[in-house]
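These numbers come from the heavy atoms of this one structure, side chains and all, not from hydrogens, waters or symmetry mates. None of these values were measured; they are calculated from a predicted model.
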Amino acid sequence: MKGRYSNIKIAGMASAVPSYVMDNMDYVDLFGKRRVVKQAKMTGVYRHRLSRRYQKISDLCICAAGKVIEHLKWDKKEIKILLFGTQTADYEIPSTSIDISSRLGLGKDCMAFDINLGCSAYDLGIQTIAGMLQSQPDGAKALLLVGDLVRIPPGGVTQKQNIINIMMFGSGGSAIGIEKQPGNHFAFCNFSDGTGWDAILKYKRTSTMMKGNVVFEYAINDVAENLMNFEKEINISGGAIDYYCFHQAQKLILDSIADTCRLPQEKVLTSYEEYGNTSGASVPITICHNGDKFLGKETVNICSCGFGVGLSMGISFYQIEPRNILPIVETDEHYDEHIKHYGSLYRRRALLMSPCTEICKLIGRELDRSGCNISLYGDGNTLEELKSQFFWKDCDLFLGNIEKAAEDISRKYDAIIFDMENESGEKILEQVSFLKEKEMLSDTCNVILVSSEEKGESVLREFMQTISEQCKCRANAVAYVPESFNLFPDIGDSTEWIDRHIRSLEPQKLSRPFFLTNAIECLVSTKFAAVSQSVIHISDTVEHFI
């Protein structure tokens with residue numbers, strides 16, 4: 001589809017990125033200098049931004065939107081369209097844009113909706129809004145938000161392959177103010193090649209699958225051809241275009257497009273060196289990143305082109321005033337006030353007994369990450385410190401002896417977790433028996449024992465049999481080798497542990513604590529609701545890394 005409008009103005013734009021910088025050259029010792037340098041030269045990506053634990057894509061886009069609205073001095077009630085282009089929305093239901101419109105304070109007559117688009121979201125988003133504004137009076141205002149999130153995955157990032165997979169991609173969010181104003185020319189075209197719909201594919205709860213050769217050929221052939229045809233059909237010469245801004249897929253692809261289209265290198269804007277591939281936000285991020293090049297000009301003519309997943313493509317030609325292109329903002333803020341308690345374990349309740357060891361504290365933090373409703377029993381100072389590290393602050397603390405604590409407990413638990421390095425078998429049996437007697441355990445409650453391999457499997461199985469017979473509840477164990485659990489990640493949103501431990505060239509030692517916590521999460525969940533008297537061994541010999 002192709003078209004022109006004489007009344008669409010790109011009024012202004014802003015972009016926001018996280019502060020954490022992943023520098024690919026820091027991994028030379030891990031992967032070898034030749035491999036890292038070769039990848040950097042080919043892709044052009046040396047650094048990129050990753051979001052911390054609780055940041056969402058809405059947080060980045062709202063930060064950018066606030067900057068644009070304030071700079072343009074817009075009345076929020078005059079914004080009638082809010083379109084959000086993303087593939088990493090905060091919610092599957094409802095559209096994240098509806099939540100964003102409330103957080104921004106927009107009027108109830110503002111139409112807000114999401115579009116599931118990645119690399120082409122910026123151009124196709126502008127084109128969608130441009131068509132909708134045609135039915136509105138002059139001066140009508142709209143807001144386009146575009147962004148996608150790349151977060152440091154806990155545990156998984158310690159595997160070499162996962163580090164490689166994220167060495168090209170970065171988080172970023174952008175906001176573009178669009179107005180219906182006569183005298184502003186906007187030309188566009190878009191394409192969707194459905195034969196390549198599965199070139200980049202992701203089902204729910206799976207990793208992304210990509211046919212790299214299909215995407216590459218599409219980018220260097222179809223994109224270049226359509227761009228040249230676009231310039232001919234709308235009758236603009238290269239001299240009329242001040243700058244070209246492409247989706248920042250990687251250096252090799254952009255160089256190939258520029259070479260095929262014979263574009264002057266100084267006219268092609270880039271940002272992949274600093275921010276990597278930021279999906280749909282890469283075009284506005286690149287424009288904001290290159291703001292210094294526009295100084296002294298009243299307006300600049302930009303031809304932008306987003307292409308990729310779909311396979312889809314959008315090309316746009318428009319003017320923008322450099323004074324309304326804002327510098328990129330760094331932010332790690334995340335909005336938590338109205339977050340509902342959720343997660344894969346949010347319907348499950350677990351009681352963590354005397355969490356004094358680093359392993360037990362990590363178990364608590366990881367269960368909290370999965371949304372489990374946690375209660376803590378033990379020493380007051382230790383419990384308060386651990387609770388402060390949780391995201392969900394509604395966990396219960398029970399102090400003193402178990403009999404006194406039971407007076408305040410009014411719920412049934414699906415799991416009780418004991419660290420056998422901290423509690424004797426006799427004490428564990430006594431406490432489980434008491435909680436069972438007080439009807440504080442669910443019918444399928446699982447007593448989970450965390451034990452070192454030194455206890456021996458036969459001893460663990462005998463003890464679990466005793467618990468099952470005397471307390472009439474399930475019992476399972478997770479066993480580990482203590483020497484392999486000497487590295488633990490920092491708490492909260494900190495990323496310093498990545499710098500310290502991944503670069504120690506022993507990522508497998510850092511991963512094992514996460515293997516243990518994953519096993520605990522499975523035992524707490526309903527997946528293992530029928531499992532009893534099993535021992536899960538966290539291997540100390542198998543190599544999990546390439």
Side-chain angles (χ1 to χ4, degrees), residues 10 13 15 17 42-45 48-49 57 60-61 85-88 115-128 144-150 168-174 176 188-193 196 199-200 208 210-212 214-228 230 241 243-261 263 265 267-290 302-318 320 328:
I10 309 300
M13 66 175 62
S15 298
V17 297
M42 182 178 69
T43 65
V45 179
H48 46 117
R49 306 300 181 100
I57 189 56
L60 290 172
C61 288
T86 185
Q87 293 179 138
T88 53
I115 54 173
N116 180 10
L117 282 173
C119 315
S120 58
Y122 170 76
D123 287 281
L124 296 183
I126 293 177
Q127 295 169 20
T128 301
L144 171 65
L145 305 183
V146 184
D148 275 308
L149 199 75
V150 181
M168 276 186 59
F169 301 96
S171 290
S174 296
I176 300 90
F188 68 94
C189 69
N190 51 68
F191 306 87
S192 296
D193 183 0
I200 303 175
T208 302
M210 182 171 72
K211 300 176 181 177
V214 175
V215 177
F216 183 79
E217 290 178 7
Y218 174 74
I220 65 174
N221 295 321
D222 295 55
V223 173
E225 180 181 351
N226 285 320
L227 178 61
M228 290 187 290
F230 174 72
I241 299 174
Y243 295 98
Y244 293 86
C245 188
F246 298 97
H247 162 58
Q248 303 292 288
Q250 57 167 285
K251 183 180 187 299
L252 181 59
I253 289 177
L254 267 62
D255 286 350
S256 298
I257 295 173
D259 183 61
T260 302
C261 298
L263 305 180
Q265 185 177 1
K267 284 193 171 187
V268 179
L269 303 176
T270 64
S271 67
Y272 50 68
E273 306 94 331
E274 295 295 330
Y275 301 103
N277 181 336
T278 50
S279 188
S282 69
V283 171
I285 283 177
T286 301
I287 294 174
C288 292
H289 176 65
N290 288 275
I302 291 179
C303 180
S304 59
C305 177
F307 56 88
V309 60
L311 298 166
S312 65
M313 180 194 320
I315 304 175
S316 309
F317 175 64
Y318 49 87
I320 186 170
I328 294 178

Smallest separation among heavy atoms of G173 and C61, with atom names = CA-SG, 3.8 Å

Which atom pair, heavy atoms only, marks the closest approach of I176 to M13?
-> CG1-CB, 4.0 Å

Only counting residues at least two apart or in another chain, list the ones meeting side-chain contact (heavy atoms from CB on, under 4.5 Å) with D259.
-> none

Please confirm whether the backbone N or O of L269 pairs with a side-chain atom of T286, one donor and one acceptor, at under 3.5 Å?
-> no

Shortest non-hydrogen pair, S316 vs Q127, comes out as OG-NE2, 3.3 Å

Are side-chain heavy atoms of I328 and Y275 found at a separation under 4.5 Å?
-> yes

Pair L117-Q87, side-chain contact (heavy atoms from CB on, under 4.5 Å): steps then yes or no | CA-CA 6 Å; L117 282 173; Q87 293 179 138; 5.8 Å; no

Could you walk me through whether D123 and N190 pass side-chain contact (heavy atoms from CB on, under 4.5 Å), step by step?
-> CA-CA 8 Å; D123 287 281; N190 51 68; over 6 Å; no

Mind checking side-chain contact (heavy atoms from CB on, under 4.5 Å) for T260 and listing every partner two or more places apart, or none if nothing turns up?
-> A224, M228

Could you tell me the separation between the CG atom of L124 and the CD1 atom of I115, rounded to the nearest 0.5 Å?
-> 6.5 Å

Drop me the distance from F230's CZ to M313's CE, to the nearest 0.5 angstrom.
-> 12.0 Å

Where is the tightest heavy-atom contact between C305 and V283, given as atom of each residue plus distance?
-> O-CG2, 4.2 Å

Taken in chain and number order and not counting sequence neighbours, the residues that satisfy ring pair (Phe, Tyr, Trp, His ring centres under 6.0 Å) with F246 are none

Looking at residues at least two apart in the chain, or sitting in another chain, which of them share a side-chain contact (heavy atoms from CB on, under 4.5 Å) with S282?
-> H247, Q248, T278

Is there a side-chain contact (heavy atoms from CB on, under 4.5 Å) between I57 and L60 once you walk through the steps?
-> CA-CA 5 Å; I57 189 56; L60 290 172; 4.2 Å; yes

Residues in salt bridge (charged side-chain N to carboxylate O under 4.0 Å, His left out) with D222, at least two apart?
-> none

N226 side, atom CG; Y218 side, atom OH - distance, nearest 0.5 Å = 7.0 Å

Hits for side-chain contact (heavy atoms from CB on, under 4.5 Å) against F169, two or more places apart or cross-chain, chain-then-number order -> V150, N277

Once you round to the nearest 0.5 Å, how far does CG of N290 lie from OG of S271?
-> 7.0 Å

Provide the closest heavy-atom pair for G147 versus T86 in the form atom of the first, atom of the second, distance.
-> O-OG1, 2.7 Å

Can you see which heavy atom on F307 is nearest to which on A249, and at what distance?
-> CE1-CB, 4.2 Å

State the CD1-SG distance between I302 and C245, to the nearest 0.5 angstrom.
-> 6.5 Å

Can you check whether L227 reaches C303 side chain to side chain, under 4.5 Å on heavy atoms?
-> yes

Mind running side chain to side chain donor-acceptor pair (under 3.5 Å) on S304 and Y318 for me, showing each step along the way?
-> CA-CA 9 Å; S304 59; Y318 49 87; 3.2 Å; yes

Y272 vs Q250 side-chain heavy atoms within contact, under 4.5 Å | no

Could you please spell out the steps behind the side-chain contact (heavy atoms from CB on, under 4.5 Å) verdict for F317 and I241?
-> CA-CA 8 Å; F317 175 64; I241 299 174; 3.8 Å; yes

